[in-house]
2 protein chains.
Amino acid sequence: MSVLSEIEDVKQCPKQFVLAINDTLNVMNGKWKMPILASLLYGKNRFKDIQANIEKITPRMLSKELKDLEMNGVVKRNVYDTTPIRIEYELTTSGKNIVKVLDAMVEWGIEHRKTVVEKLN
Amino acid sequence: MSVLSEIEDVKQCPKQFVLAINDTLNVMNGKWKMPILASLLYGKNRFKDIQANIEKITPRMLSKELKDLEMNGVVKRNVYDTTPIRIEYELTTSGKNIVKVLDAMVEWGIEHRKTVVEKLN
DNA sequence: AATATTGATATACTTTAGTATAGTAAGTTG
DNA sequence: CAACTTACTATACTAAAGTATATCAATATT
């Protein structure tokens with residue numbers, strides 16, 4: 001095997017990595033996913049609370065996005081059989097672990113602003 | 001200060017963190033940013049090469065997204081005064097550092113698939 | 001001299017994402 | 001019993017993102 005093709009092998013991204021990145025981007029994309037995740041990390045978990053927490057989100061979008069996040073295994077919907085019925089949303093373990101990705105983003109973003117402002121590179 | 005407000009202080013996300021996360025998402029969003037970054041990480045750097053590397057991207061989108069990435073300080077456009085003129089795109093230092101974020105995404109995505117498949121949580 | 005390549009841009013169109021507004025069912029409060 | 005709250009859904013719309021197709025200027029190739 002040539003050196004070049006070896007390098008190519010190393011640099012080519014395995015398909016499961018591409019999948020993983022896509023999965024991650026899917027739970028963050030759109031205008032409202034991040035605010036919703038942040039709201040749930042922060043602690044708000046009832047529909048009306050989240051809606052109040054994220055000003056300007058319409059119930060349609062909140063409903064749609066929560067369903068989406070639930071289907072993606074990031075949010076869990078708990079129905080309590082109290083009277084009146086109470087519904088609470090919470091992050092799954094995976095959902096909570098997204099902070100790790102957010103940390104990496106914060107780090108990159110802050111570093112990036114520094115280099116861009118300093119006009120390095 | 002009450003215990004509750006202390007907790008709120010801890011859990012609230014500083015504005016610069018929000019900015020940093022938004023910056024990071026901006027350089028990854030849309031259908032083509034990731035393939036373009038990947039193509040440049042991999043080594044392809046001329047317009048036609050990138051276009052060939054990413055099948056189905058139209059020149060309009062490639063042009064638009066490269067400009068966008070350039071404006072965001074992630075890609076550098078080098079014009080070589082050879083004959084014929086040659087233009088090469090390369091990642092800036094910040095651009096290269098995005099792999100750190102991608103690593104976090106790969107890690108989360110793989111772990112997430114595991115837990116979802118195993119139906120934990 | 002005709003054709004191909006590079007690095008694009010212009011125009012018109014379609015598709016997807018998000019908004020505005022209204023309404024519903026089940027229960028609670030005054 | 002009228003009004004309000006919670007947790008939504010339906011319909012119709014607008015805005016943003018992406019596509020298709022054509023074109024262009026500069027140079028290279030045959």
So, A:E111 and A:K114, do they make that salt bridge, N to O below 4.0 Å?
yes
When you check the phosphate oxygens OP1 and OP2 of D:dT6, does a side-chain N or O of A:Y80 lie under 4.0 Å from one of them?
no
Are B:M105 and A:V18 linked, directly or through intermediate hydrophobic residues, by side-chain heavy-atom contacts shorter than 4.5 Å (ILVMFWY only)?
no
A:M61 CE to D:dA7 C1': how many Å, rounded?
17 Å
Supply the atom-to-atom distance B:T24 OG1 to B:N29 CG, rounded to the nearest 0.5 angstrom.
11.5 Å
Can you see if the side chain of A:S63 gets near the phosphate of D:dC8 - specifically, an N or O under 4.0 Å from OP1 or OP2?
no
Please give, in whole Å, the distance from C:dT6 C1' to B:Q51 CD?
10 Å
Would you give the length of the straight line joining atom CG of A:N26 to atom NE2 of B:H112, rounded to the nearest 0.5 angstrom?
9.5 Å
For B:K31 and D:dA17, give me the distance from atom NZ to atom C1', rounded to whole Å.
10 Å
Mind calculating the distance between CZ (A:R46) and P (D:dT6) to the nearest angstrom?
7 Å
Pairwise distance CD(A:E65) to CD1(A:I54) - rounded to 0.5 angstrom:
9.5 Å
Can a donor-acceptor pair be found, under 3.5 Å and without considering hydrogens, that links the side chain of B:W108 to the backbone of A:S94?
yes
Please give, in whole Å, the distance from D:dC8 P to A:D68 CG?
15 Å
In residues 19-28 of chain A, which residues come under 4.0 Å of DNA chain D by heavy atom?
none
Let's see if you can work this out: which of D:dC8, C:dG18, D:dT19 has an atom nearest to the side-chain heavy atoms of A:I87?
D:dC8
Starting at CZ of A:R46, measure out to CG of A:N53 and round the result to the nearest 0.5 Å.
14.5 Å
Transitive ILVMFWY side-chain link A:M71 to A:V27, under 4.5 Å
no
Between P on D:dA7 and CD1 on A:I50, what's the gap in Å once rounded to a whole number?
9 Å
Is there a side-chain contact between A:Y89 and the phosphate of D:dT6, meaning an N or O under 4.0 Å from OP1 or OP2?
no
Measure from NZ on B:K64 to P on D:dG18 and round the result to the nearest Å.
6 Å
End axis versus end axis in the helix from C:dA1-D:dT30 to C:dG30-D:dC1, the angle rounded to 10°, five pairs used at each terminus
10°
Does B:R86 or A:N29 map to a spot on DNA chain C nearer the 5' end, using the closest nucleotide for each?
B:R86
Within 6.0 Å of CD in A:E107, more than 12 heavy atoms from elsewhere
no
Would B:I36 and B:V99 show up in the same hydrophobic cluster when neighbours are defined by side-chain heavy atoms closer than 4.5 Å?
yes
Separation between CD1 of A:I110 and CD1 of B:I21, rounded to the nearest 0.5 Å
9.0 Å
Among D:dA7, C:dT9, C:dG18, the one nearest any side-chain atom of B:K67 is C:dT9
Interatomic distance where CZ belongs to B:F47 and C1' belongs to C:dT5 [whole Å]
13 Å
With the sugar-phosphate defined as primed atoms, P, OP1 and OP2, and the base as all remaining atoms, what B/S/- string results for nucleotides 20-30 of chain C, 5' to 3', for protein heavy atoms under 4.0 Å?
B------SS--
Here the gap from B:I57 atom CD1 to B:K64 atom NZ, rounded to the nearest 0.5 Å, amounts to 10.0 Å
